[in-house]
> 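Pasting in a structure now, in structure tokens, and then I'll have a few things to ask.
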Amino acid sequence: MTSSNKPAVSIIIPVYNLEKYLSRCIDSVINQTLRNIEIICINDGSTDRSLDILKDYATDDPRIRIIDKEKGGPGIARNIGIDEAVGEYIGFVDGDDWIEAEMHEKMHTAAKKNISDIHICTIKMMDADGKPIMLKCDYDKYLGEKYTDDSIVFNRHHISEELFKVSRHAWNKIYKHSFLKKHNIRFLPNKYYEDNIFFFMAFFKAERISITRNQFYNYYFKREGSASSNRHMPLSLCQVNQEIKCYIDTHHVEKEFAQRFDAYNIRRCASYYYRIHKTYRKPFFDKMRTGFQKIDMKGNPFLDARKRFFCFSVKTVPYSLFRYTNLPVYLFLYIYAKFMKKHNLDL
């Protein structure tokens with residue numbers, strides 16, 4: 001395929017048992033005002049009518065390509081989509097979400113104008129009836145208010161504080177295809193948090209990032225499989241954070257970001273530890289301890305007393321003692337920080 005007829009954007013949609021929502025998603029993609037797109041649908045071993053629905057759409061729209069595979073998880077499915085894509089930019093849509101008609105035309109135009117490695121839009125969180133449940137997403141709060149014009153270009157150094165505050169979703173962005181290939185940016189083959197390492201790899205490498213303050217992506221927010229009811233999600237979080245830590249160490253990511261990630265890792269693990277069901281806390285604690293052994297707290301300016309105490313306790317205190325003694329001190333430090341308004345930069 002020559003550059004003149006190359007798709008502007010390859011849109012990758014992983015699909016697993018989504019027959020209830022899939023038509024809404026595909027309709028929103030095929031009706032994009034940007035017509036020069038390819039749509040790569042990866043059927044990830046669905047056992048419902050999802051594959052039949054995709055085939056019906058592909059019959060009527062030659063831009064749709066279907067890849068049918070055994071179940072392997074969304075990370076593997078998206079990686080296959082990246083390998084198969086030929087578009088100048090790559091975007092992702094989850095099969096139970098939907099997008100606004102102008103999304104890829106507006107985002108592609110801005111990305112081309114800015115020569116962006118990554119271009120971002122903001123998000124609407126929606127309930128099952130398609131009604132908004134949150135009016136302002138964290139991208140709008142932390143980045144949109146800082147960069148009000150989509151012609152402004154920034155990188156990780158300009159958003160060092162915000163980088164660890166925004167959600168790590170893959171799908172409210174488009175990525176220059178050559179940028180992903182050059183840096184071998186991939187998803188982990190995990191069922192949970194598979195896009196976390198993709199997010200950090202992309203933002204640690206991108207030199208040109210821009211944002212459009214439009215809520216182009218409609219995210220169907222589900223409470224099924226919450227961290228409090230599923231032991232695999234928090235355990236996967238520890239595993240993914242260890243993978244990111246390994247990436248940071250082996251790819252010589254700048255010290256500031258390595259230290260900020262350590263602070264983020266401690267904060268996130270502490271939050272999960274006190275939210276998950278008590279029957280899951282011991283294996284989660286063991287995973288934390290393994291990961292925290294690689295954290296160097298010395299000289300890290302992004303660790304407040306609460307994070308230092310939690311990390312030190314996990315590293316050194318037996319779980320039989322930790323489970324009873326840590327929470328009162330942690331809560332005291334939390335309340336103290338709130339009362340004294342001593343907020344750490346990455347909170």
> Any pair with a residue in residues 196-207 that passes salt bridge (charged side-chain N to carboxylate O under 4.0 Å, His left out), sequence neighbours left out, goes on the list, sorted by first then second residue, please.
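Every salt bridge (charged side-chain N to carboxylate O under 4.0 Å, His left out) pair that includes a residue of residues 196-207, provided the two are not neighbours, is R156-E207.
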> Are the side chains of F322 and V314 in touch, meaning some heavy atoms are under 4.5 Å apart?
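Answer yes - side chains close enough.
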> Are Y217 and Y139 an aromatic pair, judged by ring center distance below 6.0 Å?
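Not under 6.0 Å, so no.
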> Describe, in one word, how the ring planes of F285 and Y319 are oriented to each other, choosing from parallel (under 30°), tilted (30 to 60°) and perpendicular (over 60°).
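Tilted, since the angle between the ring planes falls between 30° and 60°.
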> Is it the case that the side chain of N214 and the backbone of F216 share a donor-acceptor pair, with hydrogens and angles ignored and the cut-off at 3.5 Å?
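Looks like no, no N/O pair under 3.5 Å.
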> Counting N and O atoms only, with roles assigned by atom type, does the side chain of D97 sit under 3.5 Å from a partner on the main chain of Y220, one being a donor and the other an acceptor?
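Side chain of D97 to backbone of Y220, a donor-acceptor pair under 3.5 Å: yes, one is there.
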> Can you say whether the rings of F292 and F310 are parallel (under 30°), tilted (30 to 60°) or perpendicular (over 60°)?
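Aromatic pair F292/F310 classed perpendicular.
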> Donor-acceptor pair, H277 side chain versus T279 backbone, under 3.5 Å?
yes
> Is K113 salt-bridged to D150, cutoff N-O under 4.0 Å?
yes
> So for atom NZ, which belongs to K20, do other residues, nucleotides or ligands contribute more than 12 heavy atoms lying within a distance under 6.0 Å?
no
> Using a 6.0 Å distance limit plus a 45 degree cone around the ring axis, check whether R306 lies over the aromatic ring of F309.
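R306 over F309 ring: no.
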> Do NZ/NE/NH1/NH2 and the carboxylate oxygens of D83 and R186 come within less than 4.0 Å?
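Between R186 and D83 there is a salt bridge, with a charged N closer than 4.0 Å to a carboxylate O.
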> So, using side chain to side chain contact (heavy atoms under 4.5 Å, CB included) as the criterion, who are the partners of N196 when residues are at least two apart?
R168, Y193, V240, I244, Y264, R268
> Which pairs would a plain distance check flag for residues 61-71, meaning a side-chain donor or acceptor within less than 3.5 Å of a matching protein atom at least two apart in sequence or in another chain?
residue: D61; atom: OD1; partner: R63; partner atom: N; Å: 3.0
residue: D61; atom: OD1; partner: R63; partner atom: NE; Å: 3.0
residue: D61; atom: OD2; partner: R63; partner atom: NE; Å: 3.4
residue: D61; atom: OD2; partner: R63; partner atom: NH2; Å: 2.9
residue: R63; atom: NH1; partner: R35; partner atom: O; Å: 3.0
residue: R63; atom: NH2; partner: I30; partner atom: O; Å: 2.8
residue: R65; atom: NH1; partner: E38; partner atom: OE1; Å: 3.0
residue: R65; atom: NH1; partner: E84; partner atom: O; Å: 3.1
residue: R65; atom: NH2; partner: E84; partner atom: OE1; Å: 2.9
residue: D68; atom: OD1; partner: N43; partner atom: ND2; Å: 2.8
residue: K69; atom: NZ; partner: D44; partner atom: OD1; Å: 2.5

> For this output row, return yes or no: ring centroids of F261 and Y247 closer than 6.0 angstrom.
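When the ring centroids of F261 and Y247 are compared, they turn out to be at least 6.0 Å apart.
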> Holding to side chain to side chain donor-acceptor pair (under 3.5 Å), I want the full list of residues that pass it with H104, two or more places apart in sequence or in another chain.
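Here the qualifying residues are Q32.
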> Can E256 and H157 be said to form a side chain to side chain donor-acceptor pair (under 3.5 Å), step by step?
CA-CA 9 Å; E256 176 190 353; H157 299 292; 5.1 Å; no
> Only counting residues at least two apart or in another chain, list the ones meeting side chain to side chain contact (heavy atoms under 4.5 Å, CB included) with K141.
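Partners of K141 by the side chain to side chain contact (heavy atoms under 4.5 Å, CB included) criterion, ordered by chain and then number, come out as K136.
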> Is R78 paired with E194 through a side-chain N to carboxylate O contact shorter than 4.0 Å?
yes
> May I have all residue pairs that pass side chain to side chain donor-acceptor pair (under 3.5 Å) and include part of residues 285-300, sequence neighbours excluded?
K282-D286
> Can you tell me how far CZ of R267 sits from SG of C311, rounded to the nearest 0.5 angstrom?
14.5 Å
> K106 vs E100, test: salt bridge (Lys or Arg N to Asp or Glu O under 4.0 Å). Steps then yes/no.
CA-CA 10 Å; K106 296 290 188 182; E100 299 299 323; over 6 Å; no
> Parallel, tilted or perpendicular: which fits the ring planes of W171 and H169, with parallel below 30° and perpendicular above 60°?
parallel
